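Just so you know, these numbers come straight off a predicted model, no measurement behind them. So that the names make sense, note that chain A is the first sequence line, chain B the second, and so on, each numbered from 1. Any value given below was found using the heavy atoms of this structure, including those in side chains, with hydrogens, waters and symmetry copies removed.
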2 protein chains.
Amino acid sequence: MKKISIKKGTLLQHKGDVNTMVYEVESGLLRSFSIDAKGKEHVFLFAPEGWIVADAIAPEEASELFIEAIEDSIVIVKERDVSSVDPIVLAKRISVLQNRVIRLMSASAIERYEAFLKTYPDIVQRVPQKMIASFLGITPEALSKAKGDKMRSSIKGI
Amino acid sequence: MKKISIKKGTLLQHKGDVNTMVYEVESGLLRSFSIDAKGKEHVFLFAPEGWIVADAIAPEEASELFIEAIEDSIVIVKERDVSSVDPIVLAKRISVLQNRVIRLMSASAIERYEAFLKTYPDIVQRVPQKMIASFLGITPEALSKAKGDKMRSSIKGI
DNA sequence: TTGAAGCATTAACCTAAATTAAGAAGTCAT
DNA sequence: ATGACTTCTTAATTTAGGTTAATGCTTCAA
């Protein structure tokens with residue numbers, strides 16, 4: 001367990017790494033993301049101050065995710081020891097993921113964007129639009145259009 | 001903790017229920033699903049023999065999910081006590097959900113269907129197509145078409 | 001300071017999947 | 001057995017979002 005200071009753009013973890021760590025964000029902002037078979041990035045999680053990022057894989061498996069600093073950050077690095085983690089913390093993450101799966105299946109891009117704004121109002125200003133789009137599962141162009149449409153319709157009072 | 005026998009079609013849990021239980025399937029098949037704001041069902045999980053179904057919510061919260069028997073089933077019903085659950089079991093579920101989120105964002109309907117066939121080959125024959133479609137996040141019509149296209153292209157050897 | 005690269009926006013066009021509708025086949029309760 | 005449901009399939013049409021491309025802004029390294 002140690003504390004490290006990392007520059008914006010640094011990759012803390014690559015897909016395929018084994019014996020990965022647990023990263024607790026003291027200051028700054030991290031993201032985890034995957035790269036699919038077509039070479040496209042998909043943001044899985046944003047982790048601001050106080051959040052914990054780690055791959056959910058078994059101890060010896062290769063990681064699925066990349067972890068990157070979006071801002072200069074100070075991060076506490078710990079050994080992974082799943083069996084000692086509070087089950088309640090894990091259950092909460094399951095609940096979050098359950099809701100994300102349901103929302104991906106049932107809500108439109110705009111609806112998911114509005115839900116994101118409500119749930120993570122503090123993160124919106126700190127990350128590029130294209131990463132928010134990626135988190136929502138849409139293209140930056142589609143997000144840009146959705147925001148434009150939303151603005152226009154609210155001006156007209158529709 | 002008790003063992004119950006339930007008929008196909010029985011609802012074990014409704015959205016909004018509090019003090020929900022943990023259901024361990026001894027025989028038969030359960031599913032959990034949500035109903036969204038537009039009244040549409042979304043299958044969240046299929047649970048055949050040996051699987052456990054439970055809402056991931058905090059003890060006092062209202063449940064998000066319905067749980068229903070797809071076949072006549074025998075189910076062991078236990079009190080929910082998240083803090084006593086093996087963290088490794090929870091971590092595995094997180095891993096499954098992580099992959100599901102990533103696949104929902106990156107794979108097409110047909111790709112998700114093929115992944116489903118590989119991952120749950122035993123379940124495919126036991127549940128109606130429309131529930132598989134619902135699990136994949138597409139309409140029954142789209143799944144039917146995808147299967148037809150797949151068959152046709154494999155005949156032609158494409 | 002300036003040029004190159006990355007980012008956001010807009011628009012034209014294209015495609016995957018939703019919607020709607022209709023018909024065939026299976027299941028169920030009476 | 002018969003009629004009422006439900007499921008599956010197919011097809012026509014529509015729509016949300018993807019792709020491609022052009023334009024103006026930043027940012028940042030040389």
Task: Set of ring pair (Phe, Tyr, Trp, His ring centres under 6.0 Å) partners for Y113(A), sequence neighbours left out - done: none

Task: Axial bend angle, the helix from dT1(C)-dA30(D) to dT30(C)-dA1(D): five-pair end segments, nearest 10° - done: 50°

Open item on the list: Would a single hydrophobic cluster contain both V85(B) and V77(B), if residues Ile, Leu, Val, Met, Phe, Trp and Tyr are joined by side-chain heavy-atom contacts under 4.5 Å?
Closed with: yes

- [ ] Quickly, which of I74(B), V75(B), D72(B) forms a side chain to side chain contact (heavy atoms under 4.5 Å, CB included) with S27(B)? Name it, please.
- [x] I74(B)

- [ ] Measure the distance from CD1 on I70(B) to P on dT6(D) and round it to the nearest whole Å.
- [x] 17 Å

Open item on the list: Without decimals, in angstroms, what is the distance between K7(B) NZ and dC28(C) C1'?
Closed with: 14 Å

TODO: Check whether any side-chain heavy atom of D55(A) lies under 4.5 Å from a side-chain heavy atom of Q98(B), and answer yes or no.
DONE: yes

Task: Gap separating the CG atom of L65(A) from the CG atom of L45(A), nearest 0.5 angstrom - done: 9.0 Å

Open item on the list: Quiz question: by atom type and distance under 3.5 Å, do the side chains of S84(B) and D81(B) form a donor-acceptor pair?
Closed with: yes

TODO: Using a heavy-atom cut-off of under 4.0 Å over every strand shown, decide if K147(B) touches base, sugar-phosphate, or nothing.
DONE: sugar-phosphate

Task: Pair F135(A) and F116(A), ring centroids less than 6.0 Å apart - done: yes

- [ ] Send over the distance from D72(A) CG to dC28(D) P, rounded to a whole Å.
- [x] 11 Å

Task: For atom CG of L143(B) and atom P of dC8(D), their distance in whole Å - done: 9 Å

Task: Value in whole Å for how far the C1' atom of dA11(D) lies from CG of D149(B) - done: 12 Å

TODO: Could you list the residues that satisfy ring pair (Phe, Tyr, Trp, His ring centres under 6.0 Å) with Y23(B), not counting sequence neighbours?
DONE: none

- [ ] Count the heavy atoms belonging to other residues, nucleotides or ligands that lie under 6.0 Å from NZ of K3(B), then report whether that count exceeds 12.
- [x] no

Task: Within residues 106-114 of chain A, residues whose heavy atoms come under 4.0 Å of DNA chain C - done: none

TODO: Would you list the pairs meeting salt bridge (Lys or Arg N to Asp or Glu O under 4.0 Å) in which at least one residue belongs to residues 91-103 of chain A, sequence neighbours left out?
DONE: none

- [ ] May I ask you to list the residues of residues 129-142 of chain B, by number, that have any heavy atom positioned under 4.0 Å from an atom of DNA chain D?
- [x] Q129(B), K130(B), E141(B)

Task: Distance in angstrom units between K38(A) NZ and dA16(C) C1', rounded - done: 12 Å

Task: Nucleotide dG17(D), atom P - distance to CE of M105(B) in whole Å - done: 15 Å

Open item on the list: Heavy-atom count check: over 12 atoms from other residues, nucleotides or ligands less than 6.0 Å from K118(A) NZ?
Closed with: no

